[in-house]
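Fair warning: this is a prediction, and the values are worked out from it, not measured in the lab. Just so we're on the same page: letters track the sequence lines, and every chain starts at 1.
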Protein chains: 2
Amino acid sequence: MARSMHVRRPATLASLAAELGVSRTTVSNAYNRPDQLSPELRRRVLDTARRLGYPGPDPVARSLRTRKAGAVGLLLTENLSYAFRDPAAIGFLEGLALACEDAGTGLLLVPANPEREDVASVHRAGVDGFVVYSVPDDDPHLAAVLERPVPTVVCDQPDLGTVDRVGIDDRGAMYELAKHLISLGHRRVGVVCMRLARDRNDGFVTAERQHAAHFHVQRNRLSGLAEAFSEAGVDWSQVPVVERFDHNMASGASGAAQVLDRDPQVTALICTSDVLALGALTEAARRGLRVPHDITVTGFDGIRPGEEAGLTTVRQPVLEKGRAAGKLLLDANERTRPRSVNLATELIIGKTSAAPRGGAEERWFGP
Amino acid sequence: MARSMHVRRPATLASLAAELGVSRTTVSNAYNRPDQLSPELRRRVLDTARRLGYPGPDPVARSLRTRKAGAVGLLLTENLSYAFRDPAAIGFLEGLALACEDAGTGLLLVPANPEREDVASVHRAGVDGFVVYSVPDDDPHLAAVLERPVPTVVCDQPDLGTVDRVGIDDRGAMYELAKHLISLGHRRVGVVCMRLARDRNDGFVTAERQHAAHFHVQRNRLSGLAEAFSEAGVDWSQVPVVERFDHNMASGASGAAQVLDRDPQVTALICTSDVLALGALTEAARRGLRVPHDITVTGFDGIRPGEEAGLTTVRQPVLEKGRAAGKLLLDANERTRPRSVNLATELIIGKTSAAPRGGAEERWFGP
DNA sequence: TGAAAGGACCGTAACGGTTCAGAACCAATT
DNA sequence: AATTGGTTCTGAACCGTTACGGTCCTTTCA
């Protein structure tokens, strides 16, 4: 009980300076610019700091004064933890983290509960810039980010023209995939896609909802499909498109089931992500459908488990996307116009796609 | 070119107050305590803010005054991006993120390059607390965190007695796994472990280095093995233990190769992580060794790919560990003593372990 | 010996907010 | 008429630091 009975206020740079009989500037310099003071004095400052339990300059106060936080913020659609569940998101984050560590910058994951309209977390984030990854274009969090006077990079979002952007040509890539299926002879297809807007709509999607989709990525992938199949003479408005709010394999499976229940004659299940496609594969197996003999299944992304399953898909460089976003943000030059980066994708023809059984004429046996 | 020719300084709360002819307090209240001023005035404040392009109270200045940053920091051993490569780390992060989003707190990933001694990133992090995940006990970044006057939770680290801790009984769990192997008849075994210290040492490990390991988790897992096998009459000092700095499947494979080259007669390869074990499996296959008929392979962690491979391992609740760490940190009560949480593990007997071919007497045929 | 150079340290003024104890005002109660 | 209570708004202190532009003293060199 020999310790001080009164609550001692924590030491600050000022109190340390007072104790030493030097100016605050000098103490500050002891930490930040060793060359600005004599080694002896510096040692004395540091020793006294240790004795007084001064932990060094307060990072927040420093940030206020220097006007840099040493961190970039990341805004995602989903609950924070989603970032660690979705393989594509993980890849993106790894790339972003690579860029951050190169720059010695921290990475702040901003909690943005999509259920609530509460954007306080965005306002509260002490960051030098934002990366926005795949949020709906009408998300209030996105609006809040854009109001903040810091550089921003959007990824997998529409080009806003005002901030940097990185992405892929989702529409073109999906168009190519569709062309591949069409060349195999597929005309009667079904689609399972990820959520198209902030409201939950687990079921069939109207053409209108497809057009009005608030998720840039999904809208463009669907649009690429619609274009290709329309060109091939397919009436896109008759194609069953099923939406799933949650993004996991179970959704892929139930989405596939819903498509197959509606039209058992579809020869191909096109999924807008590999995760959904992997789920569709399980549903096909459950129904005793052999892939690709009885049915073709395709994905999008090029994640590892899809690769192992031999999935026909579009591979996109998720890690590079994250890294590019980080780089764009970290050398944000006020002078430059908003930049837009499109990364290349690659069509991967796996073993889950083949010509439909019986060929194109099969559709004459439809219901 | 009608826009202002001069650079306008960004609006602040003070300039907004001046423009409106009200006090700064009132503007602050307009944002933070709407009930403290009349609705009309509040509207006027917010409208003027929009007109002047005032983005709302600066988060850093607010943090300085309120003494809360609204974020917790995470310190990891590795380069930042490692967090997104290692399955166990991903699970931990998911759990931590869950705890954070429950509390509406941000999660700041602090870049801590293990190569450099530069701990500035720790000093610069504006956070309300730290979670430290599996860093060597002599890491300067850890020391820097402990000097910061904020609550801290260490995970997979020794109990420091001064800060909260969460972990598992690595030693006991590995002891149980070893007992299982011993009961199957294994006496001649080899070990592949993760890095034991900050220096790279890809090769055999002396008993001394095992004891002095700076990674709590690895030290305890090895110690559990040593205890069990010693009790079974095995001279642990003769057991080949190979260390690998990088944690990936390739390391597991090359580590296994090194053990098998040294002693082709080992009947079991014990790996201190599933990732290493998966690599060991590939090396076994490469050599034409059938698992478990020709050789037993075991892991530790209970990650998904291991499960799919039918790996015998110890499953630990990585997600729960992260969540527990977050909870501990977020309701850090000054009054409570440092808490220590041990989570339960489960021994998983998969299909990669079996009794050694020829039984215990085989060792008589050794070199 | 005087001028110039350089090292070491300091004072002041921000940085952009929040908070608390009132002041001013008005209506309702005693 | 004085008191009470409530709402609305204000003034000043404070958060802990760094940027900026000095001053002062000691060397160095012509």
(message) Any base atoms under 4.0 Å from Leu64(B), or only sugar-phosphate, or nothing? Heavy atoms, all strands.
(response)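 Leu64(B): base contact, heavy atoms under 4.0 Å.
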Quick check on [N]: is either OP1 or OP2 less than 4.0 Å from any side-chain nitrogen or oxygen of [X]?
X	N	answer
Arg33(B)	dT18(C)	no
Thr66(B)	dT18(C)	no
Tyr31(B)	dG16(C)	no
Asn29(A)	dT18(D)	no
Arg67(B)	dG16(D)	yes

Check whether the side chain of [X] and the base of [N] form a donor-acceptor pair under 3.5 Å.
X	N	answer
Arg65(B)	dC14(D)	yes
Thr25(A)	dG11(C)	yes
Arg24(A)	dG16(D)	no

(request) Could you check Asp137(B), Asp138(B), Asp139(B) and say which one makes a salt bridge (charged side-chain N to carboxylate O under 4.0 Å, His left out) with Arg198(B)? (result) Asp138(B)
(request) Just say parallel, tilted or perpendicular for the rings of Tyr31(A) and Tyr54(A), cut-offs at 30° and 60°. (result)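 Taking Tyr54(A) first and then Tyr31(A), their aromatic rings stand perpendicular (interplane angle over 60°).
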(message) Can a donor-acceptor pair be found, under 3.5 Å and without considering hydrogens, that links the side chain of Arg148(A) to the backbone of Ala125(A)?
(response) yes
(request) Without swapping roles, check the side chain of Asp128(B) against the backbone of Gly70(B) for a donor-acceptor pair under 3.5 Å. (result) yes
(message) As a quick check of understanding, evaluate salt bridge (charged side-chain N to carboxylate O under 4.0 Å, His left out) for Arg67(A) and Asp58(B), giving each step before the final call.
(response) CA-CA 11 Å; Arg67(A) 316 185 68 61; Asp58(B) 180 287; 5.5 Å; no
As a test of reading the structure: which of [options] is closest to the side chain of [X], going by heavy atoms?
X	options	answer
Ser23(A)	dT10(D), dG17(C), dC10(C)	dC10(C)
Ser28(B)	dT18(C), dT17(D), dT8(D)	dT18(C)
Ser38(B)	dT8(D), dG17(C), dT17(D)	dT8(D)

(request) Please give the angle, rounded to 10 degrees, between the axes at the start and the end of the helix from dT1(C)-dA30(D) to dT30(C)-dA1(D), where five pairs define each axis. (result)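 So the angle between the two local helix axes works out to 50°.
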(message) Side chains of Ser28(A) and Thr25(A): any donor to acceptor distance under 3.5 Å?
(response) no
(message) Out of the candidates Phe92(B), Tyr82(B), Phe215(B), only one should pair with Tyr133(B) under the ring-ring contact (aromatic ring centres under 6.0 Å, His included) rule; please name it.
(response) Phe92(B)
